Structure formats: C-alpha cells, structure tokens
Amino acid sequence: MSRNPEWLDNAVFYEIYPQSFKDTNGDGIGDFKGITEKLDYIKELGCNAVWLNPCFESPFGDAGYDVSDYYKAAPRYGTNEDLKQLFDECHKRGMHILLDLVPGHTSVEHKWFKESMKAGKNEFTDRYVWTDSIWEEPQGMGCIRGISDRDGSCAVNFFSHQPALNYGFYKCERPWQQPMDAEGPKATLEALKDVMRFWLGLGCDGFRVDMAGSLVKNDPEGKGTIKLWQNVREFLDKEFPKAAMVSEWGEPDKSIPGGFHMDFLLHFGPSHYNDLFRCDEPFFSHRGKGDAYEFVKRYNECREKSQNKGLMCIPSGNHDMDRLARSIEGINLKIAFAFLLSMPGAPFIYYGDEIGMRYVEGLDSVEGGYGRTGSRSPMQWDKTTNAGFSSAPRDRLYIKMDESADRPDAESQMNDKDSLRSEVKRLIGIRNAHKALQTRGEINFVYAEKNEYPLAYLRGCDDEWILVILNPADREVNFECRLTPVEKIYSIGGDISCNDGRITVPPRFAGFYEI
Ligand code: NOJ
C-alpha cells in the first residue's frame with residue numbers, strides 16, 4: 001500500500017448529505033452553492049475534510065446511491081462547474097473533499113443498463129451480472145427479471161432497482177458466471193477507473209467507496225475483491241498518488257491490504273460499534289449498563305490483522321444509522337465525542353451530530369430512506385424559518401424538518417460555550433494540538449473490562465503519552481492503574497483522584513491526562 005496522503009495524519013471529516021444541508025435557490029433541496037457557503041462553518045468547527053454523499057444524476061430511489069450518469073452532477077444540486085467550484089473553495093481553505101463512489105451497482109436508468117437489457121450483443125452486454133436464461137435466478141443475490149428483451153435475469157446489489165455491475169466471479173460455478181479476467185469484467189473495471197479519473201482530474205481528493213467489499217461475486221473471503229482494489233490502487237499510484245480512499249467495508253484486515261487508506265467501523269458486521277452507541281444499553285448511555293469489552297477486543301484484533309497499516313475510522317453516525325442523539329443524551333453526548341475525537345483513525349462527524357440533531361420520529365420514507373429517513377432531516381442552522389435550511393414554503397421541503405420547539409441549532413450553540421458544538425470544537429482543537437491523539441498515534445487499552453466502567457486507554461506518539469479516561473455511567477467508579485497522570489489536558493464532569501495505584505473517576509466524566 002502507498003503511504004497515506006500526509007493530510008490524513010490529522011484529518012477530521014465532516015459528512016455532508018447534500019440534499020439536507022443548505023438550499024440556496026429555494027427549491028426545498030440542498031445544493032452545491034449551499035455547501036460552499038457553509039464551508040467556513042465546517043472549518044470553524046475544526047474539521048478539515050469533507051465526505052460528500054452521492055451527488056450525481058440519479059432517479060433518487062436510494063438517495064443518489066442509484067447513479068444514472070457517473071459523469072454528471074445531479075441538476076438539483078447544480079452543475080459540474082458548481083461542484084468544481086466547491087472543490088476549489090475547499091482547497092482555498094486548506095480542506096480536502098471526498099466524493100462518494102458507487103462502484104457496485106447503478107440505477108436501472110443508467111444507459112449502460114438500458115443497453116445491457118437489449119437482446120442483441122453490444123458493448124454493455126457483459127457490464128452487469130446476467131444469467132443466460134430468464135428462468136435462472138442468480139442464487140442468493142436477488143434479481144431484476146422480465147423487463148428486458150434479453151433472455152436472462154440480472155443480479156442486484158442492494159435494492160431491486162440497483163443492478164449489479166459485473167467485476168466477475170472469484171469462483172465460477174455456472175456457465176454465465178465470468179471470471180475476473182474475462183473481457184466484460186475487465187471493461188467494467190476500466191470504466192470505473194475512467195469515472196475516478198474524471199472527478200480526480202476535476203479536483204476532488206479521493207473517494208468514500210460504497211459497499212467496497214461487494215464487487216467480486218462468489219468471493220466469501222474477499223480475495224478477488226482485494227485483488228481488484230489493489231489493481232485500482234496501482235492505477236491511482238501512477239496517476240493520482242495523492243488520492244485518499246476510504247471504504248465502506250468494515251473489515252480492515254481486507255480493505256487495508258486492498259490498498260484503502262481507511263476503513264469504517266460500521267453499524268453492521270463484526271465490529272461491535274453498535275455496543276457503544278446504538279443498542280438497548282449502549283456503553284455511552286448514562287445508565288452504565290453497557291459493555292465496551294467486545295468492541296475493544298475486535299478493535300485490537302483488526303489492528304493486529306491489518307498490521308496497523310491503515311486507519312480504522314469511527315463515525316459519529318451516518319445517513320444509514322440512527323442519530324447518535326436517539327440513544328445518548330446530555331453530557332453523555334460530549335463524553336461520546338471525547339471518545340470519537342481521541343481515538344486513532346480519522347474521525348467522521350455526520351452533519352448535525354455536532355449540535356445533537358435528533359432522529360425525527362414518524363417520518364414517511366423519502367428517497368428510499370425507510371427507517372433511515374429520521375436521520376436525514378434538514379440541517380438546523382438557526383432560529384429563522386425552516387431553521388435556516390431553505391426559504392421554500394414548509395410543505396415544499398423535500399423532507400420534513402425536526403418540528404420540535406426546542407430543536408437544537410448551530411447558531412445558538414456557537415454562542416453558548418457550554419453547548420455540545422462548543423465542546424466538539426474544543427475537543428477537535430485539543431486533538432489538533434497533540435500528535436498523540438491524531439490518526440496515527442499508538443493506542444493501548446489500559447482498562448476495558450467486561451460490563452465494567454470506565455474505559456481507559458493510552459494514546460501515544462514519539463515521547464508524548466496521553467491517558468484517556470471515560471466514564472459515561474452515572475455512578476462513581478474506580479480502577480487499578482499504575483500510571484501517574486501528571487498534567488490534565490482536558491476534562492468534563494469533574495476530576496479524578498489517584499490513590500495507591502487506583503484511580504477514582506466521577507460519574508459522567510471524560511478526561512485526558514499527560515503521563
Ligand atoms: C451503503 C450506503 O451508505 C447506503 O445509503 C446505500 O443505500 C447502500 N450502500 C446502497 O448503495
């Protein structure tokens with residue numbers, strides 16, 4: 001793997017869901033100009049990088065994860081020129097921006113798919129995974145059938161309107177399954193590189209890759225998909241060596257050898273990320289009935305397996321999960337951010353999480369969001385109409401706002417030094433000031449026992465070592481610790497006391513100490 005682009009060493013990302021961020025033309029949907037307008041807000045918070053959810057032409061049956069033209073910005077957000085301007089404005093501010101690459105599937109409306117549905121052979125016949133008879137379904141994948149002249153069923157990758165692009169099968173078991181080095185799969189991979197070339201050429205700094213582990217079929221150990229991404233990495237090293245790549249894979253032992261610089265810990269899969277924030281008794285809840293042990297165990301295993309080469313990124317949330325504030329409240333949100341912003345890897349803050357935006361209950365599904373819709377409501381900027389998101393009449397907003405009278409907003413929180421946003425800003429500032437806390441610093445867990453509190457770990461780099469102690473529970477706890485905290489860098493919720501090799505930690509507390 002190539003060395004990480006240097007800017008990742010101290011990257012803190014902000015995820016922008018473009019349709020819900022800021023509308024500047026009053027049509028009720030966010031746009032590129034709105035994002036550009038708000039870059040200073042993101043920078044002021046301390047984030048220096050952006051991940052933008054898909055912003056390409058799409059029928060929006062899955063919020064843009066159903067691309068119908070990889071080369072064209074969705075008109076509702078603006079033009080390719082506006083997007084380029086957004087890249088340039090990021091760079092002017094010393095920020096970087098990743099686009100969302102959706103390599104596994106397209107929309108049924110993509111011209112590649114329309115061509116591939118034709119009975120006669122053409123350039124796109126093998127662009128997707130098709131069986132060779134309408135009566136045979138691709139096993140275990142779901143399919144689209146009965147809408148093409150072509151006699152076959154097309155595998156889908158996610159929703160049933162998202163046909164699977166054909167990168168080949170690791171093990172071919174049926175005559176229609178093609179190996180990775182067949183002409184069709186090779187052409188698909190080249191088409192993907194062309195898309196990447198286009199946007200990197202226009203000035204984006206890399207990609208977040210959707211379902212990165214799903215490309216090669218019948219590949220249970222991911223060996224084929226790893227090989228495919230290594231091929232992409234070679235291309236990037238040659239043509240765009242600075243391009244940064246983060247995968248939605250959730251298995252760093254695969255994605256990192258595949259050439260990704262970063263992989264997400266996800267709300268599905270084996271990471272135990274949900275144990276911390278989103279389960280009946282999350283570790284970060286004040287009830288103090290959670291358990292961080294399994295998370296830490298798996299986290300350490302992943303670090304070992306990926307030989308500590310890439311970055312494991314822990315998001316505050318994203319457009320697919322419940323808002324953090326649905327299960328964690330008050331000072332506990334601040335403690336959760338003290339964790340997120342003191343862990344290795346690049347942290348990702350989902351828009352609005354920095355002000356504790358809520359999951360909006362009871363919304364009808366919008367753009368294929370279903371239960372995810374409540375986490376995708378418009379950003380709350382201030383106390384004006386539509387919380388400053390849009391000047392459109394309320395019923396024209398593409399998605400409903402949080403209508404509660406006490407909904408949090410960015411402006412009020414910026415003016416309140418005790419707000420969640422002020423705390424998040426403070427924590428990012430502390431991270432920026434201490435290399436030990438940044439992406440590549442070491443981590444050693446000091447106390448992470450089954451069903452016990454607190455969680456304590458040491459972060460280190462060169463000769464700086466920082467002890468992080470987190471006690472979300474609403475009871476005092478203590479733990480054995482032979483380290484001597486010498487200088488406090490940060491604390492919220494009081495202070496610790498050290499006695500005879502034991503540290504006593506107040507309820508609902510977070511603290512960082514130099515040792
Ligand atoms: C993961 C994305 O984050 C999600 O929003 C989308 O629906 C699926 N992949 C399909 O692309």
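Remember, it's 1-based here, ligands and their atoms both numbered in the order they're listed. All figures in this text were calculated on a predicted structure; none of them were measured in a lab.
S107 and D66 share no side-chain donor-acceptor pair at under 3.5 Å. Using modelled atom types, one finds a donor on one side chain and an acceptor on the other under 3.5 Å when comparing E136 with W176. Residues Y77 and Q19 bring a donor and an acceptor atom of their side chains to less than 3.5 Å of each other.
E281 CD: more than 12 foreign heavy atoms inside a 6.0 Å radius.
From the protein, the heavy atom lying nearest to atom 3 (O) of ligand 1 is D320 OD2, 2.5 Å. Closest to atom 6 (C) of ligand 1, if we only count protein heavy atoms, is D62 OD2, 3.4 Å. Counting only heavy atoms of the protein, atom 1 (C) of ligand 1 lies nearest to D210 OD1, 2.9 Å.
Taking a cut-off of under 4.0 Å to the non-hydrogen atoms of H105, the atoms of ligand 1 that pass are 10 (C), 11 (O). For ligand 1 and R372, the ligand atoms under 4.0 Å from any heavy atom of the residue are 4 (C), 5 (O), 6 (C), 7 (O). Taking a cut-off of under 4.0 Å to the non-hydrogen atoms of H319, the atoms of ligand 1 that pass are 2 (C), 3 (O), 4 (C), 5 (O).
Evaluation of the ring pair (Phe, Tyr, Trp, His ring centres under 6.0 Å) test over residues 209-228, restricted to residues two or more places apart or in two chains, returns none.
Just one of R208, M262, M196 meets the side chain to side chain contact (heavy atoms under 4.5 Å, CB included) condition when paired with M245; it is M196.
Residue contact annotation: R208 has a non-hydrogen atom under 4.0 Å from ligand 1.
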